[in-house]
There are 2 protein chains.
Amino acid sequence: MTSGQPSVESSTAITLEQPSLEAACDAIAAGIDREALVTIFGHCTVEYDGRASSTLEAGDRHVMVKPDGTTLVHTDEGQQPVNWQPPGCEHEVYCEDTEETASETTLVLESQRSTPEEHLLVQFERVLQVSTFSGTDETDLTLSGTEADLRTRILENPDLLEPGFTPLATERTTPAGAIDIYGEDTAGRTVVVELKRRRVGPDAVGQLRRYVDALERDLHADASLRGILVAPSVTDRASRLLGEHGLEFVSLEPPSDSQ
Amino acid sequence: MTSGQPSVESSTAITLEQPSLEAACDAIAAGIDREALVTIFGHCTVEYDGRASSTLEAGDRHVMVKPDGTTLVHTDEGQQPVNWQPPGCEHEVYCEDTEETASETTLVLESQRSTPEEHLLVQFERVLQVSTFSGTDETDLTLSGTEADLRTRILENPDLLEPGFTPLATERTTPAGAIDIYGEDTAGRTVVVELKRRRVGPDAVGQLRRYVDALERDLHADASLRGILVAPSVTDRASRLLGEHGLEFVSLEPPSDSQ
DNA sequence: AACTTAATATCGCCG
DNA sequence: CGGCGATGTTAAGTT
């Protein structure tokens, strides 16, 4: 970028329609080179090899290549890409003669990384569109209604958990991991609180149980130690597990935007 | 598809560059209407409200609207969309005068669903490109190297777990859930096997422990019952937990493509 | 870099 | 539709 001049049109979108594979190749390479976001729509096959292996026969798909090294292959269905490569990958694009018939050519997009070794191969036999996008996005997402928000809510108003509850520490460490909230009830009993922002299953009970067990061992406590799971609601099986292990449940939701 | 005739051009890509907001609106509406995959690149703000809430200030982003009701908002960084809406949503698109100054107009894309109630609002103040894609993708992804493949590998060669192991059932149900593999060792002791395709932490130990406990209660067994966690490797803390609960570990990887 | 946990997790299966 | 667990989970925070 140049100096303090009021920025010229910094957002651009350049599109090729029905390009030859060679023209598409050049446009994609140029886009990657100047760190643009590149999209390709065309008829392609996809192969992945790394943590697992996958193949995808020829079909029409939308491929997005980001300047941070991300690759996403989307079909017309599903929230998740059918294939992908995470940020930090090296991209390579070239045209290649098909092995069987030297008369046919394919456009190949490769994306690979190490740790772990992973490789994605997209082979286009036809490209309907190539676009390169440049733009700016300085802003960060602000998100609320998370587990951190639920913790804040309880710390600001401990009576929500139960009247007289006194928080003593957050993220208190035990051999089993960090306790969300550690405190005392009116009777002076130690309370271990595990927070979940949404309906909980058996996993959360196991987690709370590990913390209570670890803390009991840590404190050599013969006195009773309470474990409370805080979430909007609880499944049947988890509720039974709580009972079996002498643990408690309190229904609380994370604060919404307006609250 | 029609008969043996070489198929007519069924894949299409239609693009508008630098459209007016009204033209963009029409193109998007038309694309959604004929069940195309629609992409929009432009300067926009995004608001989400539902399971959580989020806002995103104005910036250049790539929005993809799929015919199955999915919406994805991507920036130039990250594998994950910065905002999204899952399949099954209803889309709506329209132009609207900005509240403050009636002279300014915005293009609004709404995507919403119920159960749970969720709403996504994308407001464009400028659109650089709109594209609509139609195509076919009949094929399914074939994936290998999954937990199911690991199970198959052990069932075909039980000695991999330990010499003389005899699988008796897969997915045997207990009150705590389904056991991956249920079998017997050479001494006739019941064995509960929990499979993980990658390195395991404390969660997996808790899961195995629940299964073993549930099965012991189910069988009223006074005889010893073994629990074996099978994974490529195990973390320190999980290893200690295994020891504390009298559970075992066997190192095995899911088969790779060539094996 | 390894470990642990949260997530608007997503997705598929099954009851 | 809810419960449950796998995922090429991904992503973030801490050690």
Side-chain angles (χ1 to χ4, degrees), chain A residues 48-54 70 77-87 113 115-120 141 143-151 171 173 176-180 194-204 207 210-211 233-239 254 256-257, chain B residues 46-54 70-71 73 77-87 113-120 141 143-151 171 173-174 176-180 194-204 207 210-211 233-239 254 256-257:
Chain A
Y48 160 78
D49 196 59
R51 288 170 291 177
S53 303
S54 76
T70 301
E77 287 184 352
Q79 177 173 348
Q80 292 307 119
V82 65
N83 274 115
W84 69 92
Q85 201 69 303
R113 69 161 176 167
T115 57
E117 196 71 39
E118 287 187 297
H119 191 87
L120 185 72
L141 185 78
L143 180 66
S144 67
T146 65
E147 184 180 297
D149 294 321
L150 176 57
R151 181 173 60 231
E171 319 241 331
T173 57
I179 295 172
D180 284 338
E194 173 65 23
L195 306 175
K196 294 293 170 189
R197 68 172 305 283
R198 59 174 199 170
R199 187 173 177 83
V200 291
D203 286 4
Q207 203 176 332
R210 289 204 308 275
Y211 296 152
S233 61
V234 61
T235 66
D236 264 3
R237 189 171 287 170
S239 182
S256 65
D257 229 7
Chain B
V46 187
E47 290 174 57
Y48 160 77
D49 196 60
R51 289 168 291 178
S53 304
S54 76
T70 301
T71 303
V73 182
E77 286 185 352
Q79 176 174 346
Q80 295 304 124
V82 64
N83 275 116
W84 68 92
Q85 201 68 302
R113 68 159 175 169
S114 24
T115 56
E117 197 70 38
E118 288 187 297
H119 192 87
L120 184 72
L141 185 77
L143 180 67
S144 66
T146 64
E147 184 179 299
D149 294 321
L150 176 56
R151 181 173 61 230
E171 319 237 332
T173 56
T174 74
I179 295 171
D180 284 338
E194 172 65 24
L195 306 175
K196 296 292 172 188
R197 69 174 305 283
R198 60 174 198 168
R199 186 172 177 83
V200 289
D203 286 4
Q207 202 177 331
R210 288 204 308 275
Y211 296 153
S233 61
V234 61
T235 66
D236 262 5
R237 189 173 287 169
S239 182
S256 66
D257 228 7

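Chain A is the first sequence line, chain B the second, and so forth, proteins listed ahead of strands; every chain is numbered from 1.
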Handout entry: Atom pair distance, as rounded to whole Å: CZ in Arg51(A) and C1' in dT7(D)
Key = 9 Å
Handout entry: Gap between atoms CG and P, on Asp203(B) and dT9(D) respectively (whole Å)
Key = 15 Å
Practice task
Whole angstrom is fine here: how far is it from CG in Leu150(B) over to C1' in dA6(D)?
Solution key: 13 Å
Practice task
Determine, for Glu171(B) against Arg151(B), whether the closest basic-nitrogen to carboxylate-oxygen distance falls under 4.0 angstrom.
Solution key: yes
Fill in the blank from the handout: Side-chain atoms of Leu143(A) come closest, of dT8(C), dA11(D), dG5(D), to dT8(C)
Exercise for the section: Please check the phosphate of dG5(D) (OP1 and OP2 only) for any side-chain N or O of Tyr211(B) closer than 4.0 Å. Expected result: yes
Problem - dA12(D) versus dT10(C) - spacing of their P atoms, nearest Å - result: 16 Å
Exercise for the section: Return the nearest nucleotide to the side chain of Arg197(B); candidates are dT7(D), dA6(C), dT4(C). Expected result: dT7(D)
Problem - Closest listed nucleotide, where the reference is the side chain of Glu147(A) and the choices are dA6(C), dG8(D), dA11(D) - result: dA6(C)
Exercise for the section: Using a 4.0 Å heavy-atom cut-off across all strands, classify Ala176(A) as base, sugar-phosphate, or nothing. Expected result: sugar-phosphate
Problem - Ion pair check, Glu147(A) and Arg197(A), cut-off under 4.0 Å - result: no
Handout entry: Euclidean distance, atom CD of residue Glu194(A) to atom P of dT4(C) [Å, nearest integer]
Key = 15 Å
Problem - Same-atom distance (P) from dA7(C) to dT7(D), integer angstrom - result: 22 Å
Problem - Test item: Thr174(B) side-chain N/O and Gly177(B) main-chain N/O as donor-acceptor pair under 3.5 Å - result: yes
Exercise for the section: Ignoring backbone atoms, test whether Trp84(B) places a side-chain nitrogen or oxygen under 4.0 Å from the OP1 or OP2 oxygen of dT10(C). Expected result: yes
Exercise for the section: Indicate whether OP1 or OP2 belonging to dG8(D) is found under 4.0 Å from a side-chain N or O atom of Gln85(A). Expected result: no
Fill in the blank from the handout: Assign each of Pro86(A) and Gln80(B) the nucleotide of DNA chain D bearing its closest heavy atom; nearer the 5' end lies the nucleotide of Pro86(A)
Handout entry: Toward the 5' end of DNA chain D, by each residue's nearest nucleotide, Val200(A) or Tyr48(A)
Key = Val200(A)
Practice task
Please determine if Asp180(B) and Lys196(B) form a salt bridge, counting it only when a charged side-chain N lies under 4.0 Å from a carboxylate O.
Solution key: no
Problem - Distance between C1' atoms of dG5(D) and dT9(D) (Å, rounded) - result: 12 Å
Problem - Gap between atoms CG and P, on Asn83(B) and dA9(C) respectively (whole Å) - result: 13 Å
Practice task
Please state how far atom CD in Glu171(B) lies from atom P in dC13(C), giving the value in whole angstrom units.
Solution key: 11 Å
Problem - Distance (rounded to the nearest 0.5 Å) between Asn83(B) CG and Thr71(B) OG1 - result: 10.5 Å
Practice task
Find which nucleotide of DNA chain C each of Arg113(B) and Arg237(B) is nearest to by heavy atoms, and output the residue with the more 5' nucleotide.
Solution key: Arg237(B)
Handout entry: From Leu195(A) atom CG to Thr146(A) atom OG1, the distance as rounded to the nearest 0.5 Å
Key = 10.5 Å
Fill in the blank from the handout: Rounded to whole Å, the CD-C1' distance (Glu118(A) to dT10(D)) equals 12 Å
Completion exercise
Among the nucleotides dG8(D), dT8(C), dT10(D), whichever has the atom closest to the side chain of Arg198(B) is dT10(D)
Practice task
Please check the phosphate of dA6(D) (OP1 and OP2 only) for any side-chain N or O of Thr146(B) closer than 4.0 Å.
Solution key: no
Exercise for the section: Take atom NZ of Lys196(B) and atom C1' of dC3(C), then tell me their distance rounded to the nearest Å. Expected result: 17 Å
Exercise for the section: By nearest nucleotide on DNA chain C, pick out whichever of Thr115(A) and Thr173(B) is the more 5' one. Expected result: Thr115(A)
